[in-house]
Number of protein chains: 2
Amino acid sequence: MAANDVRVKAEDLKRFMKAVFEKAGFTPDGAEAQADVLVWANLRGVDSHGAQRISWYLELVDKGHMKPRPNIQIQKETPATLLIDADFAPGPVVTVLAMRKVIEKARNVGIGWAVIRNTLHQGAMGYYSLMAAKEGMAGISIVCNPPNTAPHGARAAGVHNSPIAICVPGKRHRPLMLDMATSVAARGKLDVAEDKGISIPLGWALDKDGKPTTDPKAAAVLLPAGGGKGSGLAMMFECLTSLFVGNPLLTPVFQGKPGAQVHRQNSVVAAIDIATFTDLEQYKANADEIVEGIKALPTAEGFTEVLVPGEPEDRVQEERSRSGIPLPEGTFLKLKKASERFGVPLPAGL
Amino acid sequence: MAANDVRVKAEDLKRFMKAVFEKAGFTPDGAEAQADVLVWANLRGVDSHGAQRISWYLELVDKGHMKPRPNIQIQKETPATLLIDADFAPGPVVTVLAMRKVIEKARNVGIGWAVIRNTLHQGAMGYYSLMAAKEGMAGISIVCNPPNTAPHGARAAGVHNSPIAICVPGKRHRPLMLDMATSVAARGKLDVAEDKGISIPLGWALDKDGKPTTDPKAAAVLLPAGGGKGSGLAMMFECLTSLFVGNPLLTPVFQGKPGAQVHRQNSVVAAIDIATFTDLEQYKANADEIVEGIKALPTAEGFTEVLVPGEPEDRVQEERSRSGIPLPEGTFLKLKKASERFGVPLPAGL
């Protein structure tokens, strides 16, 4: 964070974002979901998925790619599953709804599994998995987009760096949360490097000719984490999401179809009810013990501490909940532009 | 394969294995499942999970760790889920049963999700996911064991290199199959290097003092694929398997409990019915197009071909189905010992 970044309270930022999205045509509930998902990402330090996205979202609405009042339809339903057509809904609008519904199903039959067709950017997927953990369940969220990552052995994009987020509740410990892309580095990390004018490590990306690059501006194709493991997972995630809703996102790009690269997403969100299987309080205590056991291991060379997944973000969240969310100049300007366009006053302190 | 390896037909090897397992006390169905899983792994070139395991399995039975006639019990059941206590069953015996049951559930309510407590070695997990694919479903299998892999940032084992196998059906193409460990390399690859007397690449493993090693004999702790991504997945897999059956496998080792390192597994197997969501034939055609699209991408430097997950194994399976399964000297001797012990004639040609 730059020394001169301003800070804003999470609730003020959220109130502002919600008001802007309402002015942009979202329903009050939809604007609430959208604002909450973005501000949650900021709170956790995942700024690439936070308030700075506002300009892009408004652009998607302006272009008609994102429908602020979509006609979301449940097209197939069983006691355990859902197929939801999002009708190009803002990601959080349909995904919060879907996660609520699978939590209900999990309460009844142990598991709920929803596939979502044609939503727009869902933001930080951990948000949805956490909803399940808060209800005493394991949450799983998976998302697919048009390709941006090279399959192992290729030098052009052929899979998306499809993130997966898994979350389960702890007792004293915050929920255990893994929220990872299947590429070595998420696109957001390259953007940050570009903004800072620094290079990226070799092995993160290829340029447009498929050559390894350390220049974030030249990076055109991401590289998969763990070689064929990352890209293999990504390929299977397309099969679990897009193919289950009859809406392939990789193949249209392979076939050079017009519009194939236009942003849209298919997704799975699932909840598995712990109490259906075992004692919930014991489960939470067991989850704590995993964290404590791993953290007590001797550190590898170059490390001073073993961090479990989600722990760095938990720490940022504690700090930012107290001290506010820092807004870099660029993000501030995006908020200012939205404020002026819609006549919504900037959050207190800005 | 060494030039002097003998070859045996898959069906002959399977008949032999089945007879041995029956003599060791398995039921005919159990022996059939056990033999089929092992020979399938051999057919696909995953020899670390094939016939050479026979001596270890017999040892597990002799020690009373593996029960050839377990009292498998369904302890919890909903229309979509199962909790199965395996009572230390041979892995294939309980896992084939579990996968059949989740396939049935998926046929009824779209998804079936089973967690299995206290089974023994399940072999190549892809086998079970493939069962679902053959029924027009997506199959998912996950397994956890006591720890053998360093969490990112640690220099001692704290997670298992928990494999996950995901499989979906193709139309002209064989089922798309990802079967991966969450470590850089599976333990079997280190064993192969040790047998051949060659070194392993830096980054695969640490020695008992937590120092990086290239000596497969000195390798004591595996390293996770993609750093925190591999070990993060492994940690969450323990939460999705062992913690759901109230049988932690990592924590007892952290706490130094006696017997904590004794081999046993917890597992998830799941099936998701494609026809519940979308047209099955179209799904299969779409899956083919992903494979074709990825294979047609330009290759990276050092590659002559882009291989999709499972493709190398598919090729070995074709060749070995025609020409038989090669048996190295060490494996042959293990079979011979079992043959002599139980008076079961060796497979034809041996």
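None of the values given here were measured: they were computed from a predicted structure. Reminder, nothing fancy here: chain letters follow the sequence lines and each chain counts from 1.
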Please classify the contact of [X] with chain A as side chain, backbone, both or neither, using a heavy-atom distance under 4.5 Å.
X        : answer
B:Lys76  : side chain
B:Val168 : both
B:Glu77  : neither
B:Val159 : side chain
B:Leu206 : neither
B:Asp279 : neither
B:Thr299 : both
B:Glu289 : both

Option in [options] with maximal non-hydrogen atom pairs under 4.5 Å from chain A:
options                                : answer
B:Ala225, B:Ala300, B:Gly226, B:Pro248 : B:Ala300
B:Leu243, B:Ile274, B:Val306, B:Leu178 : B:Leu243
B:Ala154, B:Gly110, B:Gly232, B:Gly246 : B:Ala154

Side chain to side chain contact (heavy atoms under 4.5 Å, CB included) evaluation trace for B:Leu297 with A:Arg155: CA-CA 7 Å; B:Leu297 291 172; A:Arg155 62 181 157 86; over 6 Å; no
On the 0 to 90° scale, with breaks at 30° and 60°, tag the A:Trp113-B:Trp113 ring pair as parallel, tilted or perpendicular.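 Tilted.
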Tell me, for A:Val184 versus chain B, whether the close heavy atoms (under 4.5 Å) come from the side chain, the backbone, both or neither.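 Just the backbone, heavy atoms under 4.5 Å.
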Against chain B, label A:Ala157 side chain, backbone, both or neither, depending on which of its atoms sit under 4.5 Å from a heavy atom there.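 Answer is backbone: N, CA, C or O of A:Ala157 sit under 4.5 Å from chain B.
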Give the C-alpha distance, both sets of side-chain angles, the deciding distance and a yes or no for side chain to side chain contact (heavy atoms under 4.5 Å, CB included) between A:Thr182 and B:Lys229. CA-CA 8 Å; A:Thr182 50; B:Lys229 300 195 180 204; over 6 Å; no
Run the side chain to side chain contact (heavy atoms under 4.5 Å, CB included) test on A:Val115 and B:Phe277 for me, step by step, so that the C-alpha distance in whole Å, both residues' side-chain angles and the decisive distance to 0.1 Å come before the verdict. CA-CA 9 Å; A:Val115 282; B:Phe277 295 86; 3.4 Å; yes
Carefully, step by step, assess B:Leu83 and A:Thr276 under the rule side chain to side chain contact (heavy atoms under 4.5 Å, CB included). CA-CA 9 Å; B:Leu83 190 164; A:Thr276 301; over 6 Å; no
